[in-house]
Amino acid sequence: MHVQDPSDFPPGLPPAMALPDDNPLLRGLNPEQYAAVTLPPQASLILAGAGSGKTRVLTTRIAWLLQTGQISPGGVMAVTFTNKASKEMLTRLGAMLPVNVRGMWIGTFHGLCNRFLRAHWKQANLPQSFQILDNGDTLSAVKRVIKGMNLDEERFVPKQVHWFIAGSKEDGLRPNDVVVHDGQSQKMVEIYQAYQDQCEREGVVDFAELMLRTYELMRDDPLLREHYQRRFRHILVDEFQDTNKLQYAWLKMFAGPQTAVMAVGDDDQSIYAFRGAQVGNMADFEREFRVQHVIKLERNYRSFGNILDAANHLIGHNSRRLGKNLRTEAGPGEPVRVQESASDFNEAQWILEELQQLHRAGMHRREMAILYRSNAQSRVIESALFNASIPYRVYGGLRFFERAEVKHALAYLRLIENCNDDTSYLRVVNFPTRGIGARTLEQLQDAARQSGRSLWQSVGAVGGKGGANLVAFNALVDSMRNETHGLTLREIIEHMLQRSGLIDFYRTEKEGADRIENLEELVTAAEAFVTQEGFGKDAIALPVDEHGPGQIADGSAAGLPNAVAAVDMTPDAETGEIMSPLAAFLTHAALEAGDNQAQAGQDAVQLMTVHSAKGLEFDAVFITGLEEGLFPHENAMSDADGLEEERRLMYVAITRARQRLYLSFSQTRMLHGQTKYHVKSRFFDELPETALKWLTPRNQGFGSGFARDYQAAWQRGSGLNSVVGAGRSSGWNPPAAPAMPPVPASMQASAAKAAGHGLRVGQGVFHTKFGEGVIVTLEGKGEDARAQVNFGRHGPKWLALSVAKLTPVD
DNA sequence: CTCCGAGACGCGTGT
DNA sequence: CGTCTCGGAG
């Protein structure tokens with residue numbers, strides 16, 4: 001690994017390009033960024049630290065390539081992992097250059113695959129109107145397969161089977177390619193095969209299939225491969241450290257001998273190994289693409305010094321790094337604040353107070369983020385925010401297009417589009433209820449299975465009342481299709497909502513108001529989609545891409561497309577026919593879980609997992625639940641690899657903060673419906689003490705009681721936390737707090753109950769060998785007294801109190 | 001067939 | 001604690 005010296009760079013470029021100040025595009029770039037943006041058309045690897053201006057480099061690079069005439073819009077592909085990232089890229093690019101970004105291949109891996117398969121559906125052996133299964137759809141499809149094979153769901157857990165199938169596909173393996181170890185894995189492969197057959201029958205593909213199908217078509221069709229390889233002169237890959245085996249192989253298919261691939265990534269931010277990401281792809285890429293230029297972007301433009309010190313110090317505990325350190329010229333800024341709470345409830349309460357102080361001091365709510373390791377942790381915080389009427393927005397969790405009522409509506413739309421979609425059929429055939437019960441559906445599924453046809457096609461095989469109801473349901477869908485023919489997307493959806501009975505159903509429901517609101521939101525979303533994607537009356541096929549200098553002739557002779565429209569409007573390769581707005585909208589719904597249309601635009605506090613925070617930044621960040629078992633998560637604590645990934649995750653979390661960072665942990669937490677006792681995260685031991693400021697007394701934490709914590713909470717309000725750091729860089733001086741109220745009697749009582757052996761559950765103790773821990777359980781009396789103590793790093797231990805020396809920590 | 005309540009089970013991260 | 005599944009009554 002070598003770093004290009006920016007001073008003698010870029011070598012050998014035309015003079016016009018070497019003058020940075022001449023070109024407004026390049027103004028303000030630092031030497032490394034400048035070098036990256038203006039690299040010659042060869043394979044390159046950009047190691048871009050957090051906050052180092054990575055997106056700026058990517059977009060400026062594309063703009064510069066276009067502006068200098070090195071490529072045409074059609075000659076570049078830029079691929080990201082998230083819709084958020086690709087949208088941002090498009091927006092920024094559009095602001096830099098007057099270019100029709102729509103015609104460019106900029107999107108997520110899955111979005112680009114979709115675009116590719118829409119154009120080549122025939123060669124890919126797909127029906128023209130193939131539908132995409134989201135996670136929920138895939139899971140129910142897997143369940144159906146398992147049921148259909150008469151297998152035990154205990155032995156073949158649908159979730160695990162899905163995991164197995166997706167994992168196999170991400171390794172590029174079809175059922176025949178999977179190596180079988182034993183009877184169990186043999187059966188798994190059979191399920192995989194049956195699932196695949198079912199998908200083929202129904203004309204649907206899952207996320208992994210989008211990637212694999214595209215890869216295979218490119219691999220097996222030399223004409224197609226050559227066309228695309230010659231077409232793309234530049235391919236830029238964002239978040240390269242997150243690519244899996246299949247995505248890397250996919251990239252190699254699209255990158256030809258003349259293609260300059262720029263991989264941008266940060267090994268320290270690799271947090272998706274659990275779903276197959278291979279950081280090793282970075283090293284492989286450097287070798288296999290014979291990378292000449294490796295550039296490190298280490299200058300951070302986001303955070304103050306103390307925050308970066310914390311990040312650098314922490315990540316330094318990882319081995320196997322490519323080696324990179326963030327630096328800033330912004331000064332130390334405020335210290336990183338650390339808060340300990342007695343319970344998750346108290347933690348939420350404390351966050352609430354801090355949020356309000358920041359807001360009163362003038363910070364926008366949207367600039368405050370609360371991060372947690374797992375989605376389940378959001379609930380306590382949400383209810384605290386809700387009760388205090390503080391606007392907030394939750395990312396992840398239930399997304400718009402995943403809500404039950406929205407999925408029902410989409411299922412009707414999908415049936416209108418493709419009536420063989422059994423997943424959708426089963427979802428709404430009896431919703432709202434129309435006298436079609438389990439018995440009838442079983443007969444229907446049996447009939448379908450035997451004839452190898454879809455449920456829709458098999459309704460005739462079921463007799464009796466149920467059979468008649470099925471026929472009536474088919475007729476309903478048919479008439480919806482007929483009646484909406486030629487209508488606008490909005491009209492189609494409104495008609496379907498009425499005709500299906502969904503609206504009427506929710507009107508009579510007790511809690512139906514919210515659901516109706518969401519259904520109306522669906523209409524709005526469709527309307528916005530139509531406007532955005534240009535499906536208006538004057539919609540025309542988007543322009544054919546012009547090939548830049550040195551580009552190949554178009555591939556029309558081979559029946560290949562050289563016209564590329566917006567993601568969902570790709571014309572058919574042969575007929576040039578454009579997808580219907582409905583079909584396009586359904587694709588959109590499957591690929592973009594619908595970030596959450598609801599409270600968008602409002603100035604709201606942002607709640608999300610650390611994973612979904614990647615790529616974002618905020619003025620103030622709270623990292624919550626920093627406890628052993630939670631963060632790092634218990635399932636990842638046992639092996640070194642898992643722990644290193646957790647540490648990278650923590651690194652990502654820390655580097656989201658611009659000005660103020662809070663780290664918070666709690667002694668107790670409601671999990672699985674019961675109270676758990678936790679030790680603070682080991683990550684605290686890996687942070688530089690000089691950058692931290694403990695808001696609660698240091699090392700006196702464990703089990704020191706609710707009363708103390710209660711008092712501390714009030715002391716904090718009285719300005720304790722503003723002593724350090726206030727006035728340094730930001731002007732958030734907390735207002736004076738009210739006088740401290742007396743400690744409630746109930747809390748005093750709980751502290752006083754420490755009778756007997758002088759220990760109680762929740763008590764913090766010190767053991768000479770295991771260190772600090774928390775008493776989780778107490779049993780027995782006198783000589784037999786024993787305690788279960790959770791020592792975090794050493795795990796929970798049973799100790800005989802007559803033998804073990806436990807010193808209360810208080 | 002539909003509705004409702006009791007009981008089981010889970011919460012690790014995402015396109 | 002919340003959601004999903006299953007069993008029995010209407």
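Computed from heavy atoms alone, side chains included, the values below leave out hydrogens, waters and symmetry copies. Every chain is numbered from 1 and lettered A, B, ... according to where its sequence line falls, protein lines coming before strand lines.
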Practice item. Over 60° means perpendicular and under 30° means parallel, so classify the ring planes of A/W105 and A/F254, tilted if in between. Key: tilted
Review point. Between the side chains of A/E202 and A/Q131, is a donor N or O closer than 3.5 angstrom to an acceptor N or O?
Key: no
Point to revise | Partners meeting side chain to side chain contact (heavy atoms under 4.5 Å, CB included) with A/L643 (sequence neighbours left out) | key: A/P632, A/R647, A/R682
Practice item. Taking atom types as modelled, find out whether A/N83 and A/S86 have a side-chain donor-acceptor pair closer than 3.5 angstrom. Key: no
Review point. Taking the C1' atom of each, how far is C/dC4 from B/dT13, in whole Å?
Key: 22 Å
Revision key, fill the gap. Judged by nearest nucleotide, the residue sitting upstream toward the 5' end of DNA chain B, A/F81 or A/K159, is A/K159
Exercise for review: Using the test ring-ring contact (aromatic ring centres under 6.0 Å, His included), find all partners of A/F81 that sit at least two apart in sequence or belong to another chain.
Suggested key: A/F109
**Study point:** Member of A/K676, A/R669, A/R373, A/K680 meeting the side-chain hydrogen bond (donor to acceptor under 3.5 Å, both in side chains) criterion with A/E627
**Key:** A/R669
Review point. Taking the nucleotide of DNA chain B with the closest heavy atom to each, which residue, A/F109 or A/H633, is nearer the 5' end?
Key: A/H633
Review point. Could A/R320 and A/D641 be called an ion pair, given the rule that one side-chain N must be under 4.0 Å from one carboxylate O?
Key: yes
Check your understanding: Hey, does A/R439 reach any base, or is it just sugar-phosphate, or nothing, if we go heavy atoms under 4.0 Å?
Key -> sugar-phosphate
**Study point:** Under the ring-ring contact (aromatic ring centres under 6.0 Å, His included) test, residues paired with A/F473 that sit two or more places apart
**Key:** A/Y425
Practice item. Give A/E209 one of three labels, base, sugar-phosphate or nothing, depending on what nucleic acid heavy atoms sit under 4.0 Å from its own. Key: nothing
Check your understanding: Counting any heavy atom closer than 4.0 Å, what does A/L671 reach on the DNA or RNA strands: base, sugar-phosphate only, or nothing?
Key -> base
Review point. So where does chain A start and stop touching DNA chain B, 5' to 3', when the test is distance under 4.0 Å to a non-hydrogen atom?
Key: B/dC1 to B/dT15
Practice item. Name the nucleic acid region contacted by A/D134, choosing base, sugar-phosphate or nothing; use a 4.0 angstrom heavy-atom cut-off, strictly under. Key: nothing
Check your understanding: With sugar-phosphate meaning primed atoms plus P, OP1 and OP2, does A/K614 contact a base, only sugar-phosphate, or nothing at under 4.0 Å between heavy atoms?
Key -> nothing
Review point. Heavy atoms under 4.0 Å, any strand shown: does A/A208 hit a base, just sugar-phosphate, or nothing?
Key: nothing
Which atoms of nucleotides 1-8 of chain C (N or O only) lie under 3.5 Å from a protein N or O atom, and what are those distances?
none

Check your understanding: What does A/F274 touch in the nucleic acid at a heavy-atom separation under 4.0 angstrom: a base, only the sugar-phosphate, or nothing?
Key -> base
Distance-only check: which donor-acceptor pairs under 3.5 Å involve side-chain atoms of residues 154-162 of chain A, not counting sequence neighbours?
from   : atom 1 : to     : atom 2 : distance (Å)
A/R155 : NE     : A/Q184 : OE1    : 3.1
A/R155 : NH2    : A/Q184 : OE1    : 3.0

